[in-house]
S.K.: 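So that we are looking at the same thing, I have put the structure below in structure tokens.
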Amino acid sequence: MFHFSGFNMMFPDGGRSFQATYKCFSVSMLPGNERSDVEKGGKIIMPPSALDTLTRLNVEYPMLFKLTNKKKSRSSHAGVLEFVADEGKCYLPYWMMDNLLLEEGDILSIESVSLQVATFSKFQPHSTDFLDITNPKAVLENALRNFACLTKGDVIAIKYNKKVYELCVLETKPGNAVSIIECDMNVEFEAPVGYKEHGEQQPAAQSGGQGAGANEAAAGGAVHEEVVETFKGSGVRLDGKKKKDSQLETPVLKKVLPRGVPDYDYQFGLLRFDRSIKPISDRTQEDAEGATGEAGIDADSFHGTGFSMKKSRK
């Protein structure tokens, strides 16, 4: 406090933090047009009076805030997107309200903080659908541009191809809450919730009859031979002639694994091709005759000389 000409003039102490309480609402309650851009990130909307107070305080930039739900003893961190909320209110992304266990109109305490710049973070997707993304790191990097900070234990939501993916923040360095604005951060992914490594097998329910036999064969890794009859019936040729003996249909034997049992001998990266088809050079004379007879065309069906549509130059 300074005394000047008989008046008491108060100046805010340098470095004093901003503290306020507001009624919080989800972004869907924000008046005006729909603000989907707020839902995609980790920033909140505060009233204009907060900006007026922050400008008079010695607050570090970028402005970062600690959000606390004192009733549930839950806290997180966020940046600020705009100062356009009604006085006494603030608006949060729905996923952030979910983390803080907040309902519409609950009281939220907001305090300005200074966070260290992130160097490392580790995420765990809540669904195996995240593995379907071709380049998950690039998708995450693009989504985190709308975030200002990360808090360990939070479950953030990112949107990609009209689908929302939830990821839990397992670890952040150098602290439990870090700033990710203009930083080089190493990112790692934990296996998604519900993901199982290759080779793991669920215990199959035992049943009587054929099912029990199939389970016993599966346990031993045996391969069954199944007779498959294709196109049942005698069949008739278009030219009215009878089929040759070589053209009569015979049952096809297929080696198949029991349903639901993976091939444990499969080697990753190995492609298996069907070698049972003979090359044209290895076919016998009987196979060639059978091929011509099946179509009903003799080898000497076409006689005479051929003509070309293009005149050859002499």
Side-chain angles (χ1 to χ4, degrees), residues 26-27 35-46 59-69 73-82 91-102 110-200 268-269:
S26 60
V27 179
R35 296 293 302 273
S36 59
D37 57 325
V38 186
E39 286 287 359
K40 293 179 181 178
K43 299 179 182 179
I44 65 176
I45 294 180
M46 300 173 67
V59 178
E60 293 185 12
Y61 288 86
M63 296 181 183
L64 301 176
F65 301 92
K66 182 179 181 180
L67 315 180
T68 306
N69 180 5
S73 299
R74 297 293 292 267
S75 62
S76 183
H77 297 80
V80 59
L81 183 64
E82 295 177 359
Y91 296 90
L92 283 69
Y94 183 76
W95 67 264
M96 194 175 292
M97 293 189 65
D98 221 14
N99 281 329
L100 296 171
L101 304 178
L102 291 168
I110 300 180
E111 177 185 0
S112 62
V113 293
S114 177
L115 300 178
Q116 293 178 293
V117 178
T119 58
F120 171 82
S121 60
K122 190 174 186 178
F123 299 87
Q124 182 182 31
H126 274 201
S127 173
T128 55
D129 294 342
F130 191 72
L131 298 176
D132 297 335
I133 301 177
T134 305
N135 192 343
K137 281 193 175 182
V139 172
L140 181 63
E141 179 183 357
N142 185 57
L144 290 181
R145 293 177 182 177
N146 298 320
F147 288 71
C149 49
L150 292 173
T151 306
K152 180 181 178 180
D154 277 1
V155 178
I156 66 173
I158 62 175
K159 190 173 182 181
Y160 178 69
N161 279 350
K162 298 182 180 180
K163 190 171 183 179
V164 177
Y165 299 91
E166 292 185 338
L167 296 92
C168 179
V169 184
L170 296 181
E171 185 180 356
T172 56
K173 291 181 181 180
N176 291 334
V178 291
S179 170
I180 59 172
I181 299 176
E182 296 182 358
C183 71
D184 293 328
M185 179 176 64
N186 296 323
V187 176
E188 287 186 4
F189 290 101
E190 186 72 16
V193 176
Y195 175 77
K196 295 180 180 178
E197 296 288 345
H198 295 291
E200 292 186 4
F268 183 76

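The structure displayed is predicted, hence computed values, not measured ones.
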S.K.: Can you tell me how far the OH atom of Tyr91 sits from the CG atom of Leu81, to the nearest 0.5 Å?
M.R.: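 Interatomic distance, Tyr91 OH to Leu81 CG, rounded to 0.5 Å: 14.0 Å.
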S.K.: Check the pair Asn99, Ser76 against side chain to side chain donor-acceptor pair (under 3.5 Å), reporting the backbone distance first and the verdict last.
M.R.: CA-CA 8 Å; Asn99 281 329; Ser76 183; 5.5 Å; no
S.K.: Do you know which two heavy atoms are closest between Gly41 and Pro93, and how far apart they sit?
M.R.: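 Heavy atoms only, the tightest pair is O-CG, 3.6 Å.
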S.K.: Which value, rounded to the nearest 0.5 Å, describes the distance between Lys122 atom NZ and Lys152 atom NZ?
M.R.: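 Reported to 0.5 Å precision, the distance equals 10.5 Å.
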S.K.: Are the side chains of Asn142 and Tyr160 in contact, using a 4.5 Å heavy-atom criterion?
M.R.: no
S.K.: What do you reckon, is NZ of Lys66 surrounded by more than 12 foreign heavy atoms closer than 6.0 Å?
M.R.: no
S.K.: Drop me the distance from Ile110's CD1 to His77's NE2, to the nearest 0.5 angstrom.
M.R.: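 Result: 12.0 Å between the selected atoms.
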S.K.: Tell me, do Val155 and His126 make a side-chain contact under 4.5 Å, heavy atoms counted?
M.R.: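 The answer is yes; the side chains approach within 4.5 Å.
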S.K.: Does the pair Thr68 and Glu111 meet the rule for a side-chain contact (heavy atoms from CB on, under 4.5 Å), with working shown?
M.R.: CA-CA 8 Å; Thr68 306; Glu111 177 185 0; 6.0 Å; no
S.K.: Do side-chain atoms of Gln124 reach the backbone of Ala191 as a donor and acceptor pair under 3.5 angstrom?
M.R.: yes
S.K.: Would you please test Val80 and Ile45 for side-chain contact (heavy atoms from CB on, under 4.5 Å) and show each step?
M.R.: CA-CA 6 Å; Val80 59; Ile45 294 180; over 6 Å; no
S.K.: Measure the OG1-CG distance between Thr134 and Leu131 for me, rounded to the nearest 0.5 Å.
M.R.: 11.5 Å
S.K.: In Å, rounded to the nearest 0.5 Å, how long is the span from OH of Tyr195 to CZ of Phe130?
M.R.: 14.0 Å
S.K.: Does the side chain of Val193 reach to within under 4.5 Å of the side chain of Pro125, using non-hydrogen atoms?
M.R.: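 Sidechains of Pro125 and Val193: no contact.
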S.K.: Run the side-chain contact (heavy atoms from CB on, under 4.5 Å) check on Leu144 and Ile156 step by step: do they pass?
M.R.: CA-CA 10 Å; Leu144 290 181; Ile156 66 173; 4.1 Å; yes
S.K.: Report the C-alpha separation of Met46 and Phe65 in whole Å, then their side-chain angles, then the decisive distance to 0.1 Å, and conclude whether the side-chain contact (heavy atoms from CB on, under 4.5 Å) test is met.
M.R.: CA-CA 11 Å; Met46 300 173 67; Phe65 301 92; 4.0 Å; yes
S.K.: Say you draw a straight line from OG1 of Thr151 to CE of Met96; how long is it, rounded to the nearest 0.5 Å?
M.R.: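 The distance works out to 8.0 Å.
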S.K.: Centroid-to-centroid, Trp95 to Phe147, below 6.0 Å?
M.R.: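 Yes, they do, as the ring centres are separated by less than 6.0 Å.
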S.K.: Minimum heavy-atom separation for Val59 and Ser112, please, with both atom names.
M.R.: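 Nearest heavy atoms, Val59 then Ser112: CG1-CB, 4.4 Å.
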S.K.: Which heavy-atom pair separates Ala78 from Cys149 by the least distance, and what is that distance?
M.R.: N-SG, 3.4 Å
S.K.: Only counting residues at least two apart or in another chain, list the ones meeting side chain to side chain donor-acceptor pair (under 3.5 Å) with Glu82.
M.R.: Arg35
S.K.: What side-chain donor-acceptor pairs closer than 3.5 Å can you find for residues 168-188, not counting sequence neighbours?
M.R.:
| unit_1 | atom_1 | unit_2 | atom_2 | d |
| --- | --- | --- | --- | --- |
| Thr172 | OG1 | Gly175 | O | 2.5 |
| Thr172 | OG1 | Asn176 | O | 3.4 |

S.K.: Heavy-atom count around Phe120 CZ within 6.0 Å, excluding the residue itself: above 12?
M.R.: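 Correct, the count exceeds 12.
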S.K.: Answer yes or no: is there a donor N or O on one side and an acceptor on the other, between the side chain of Glu39 and the main chain of Tyr94, under 3.5 Å?
M.R.: yes
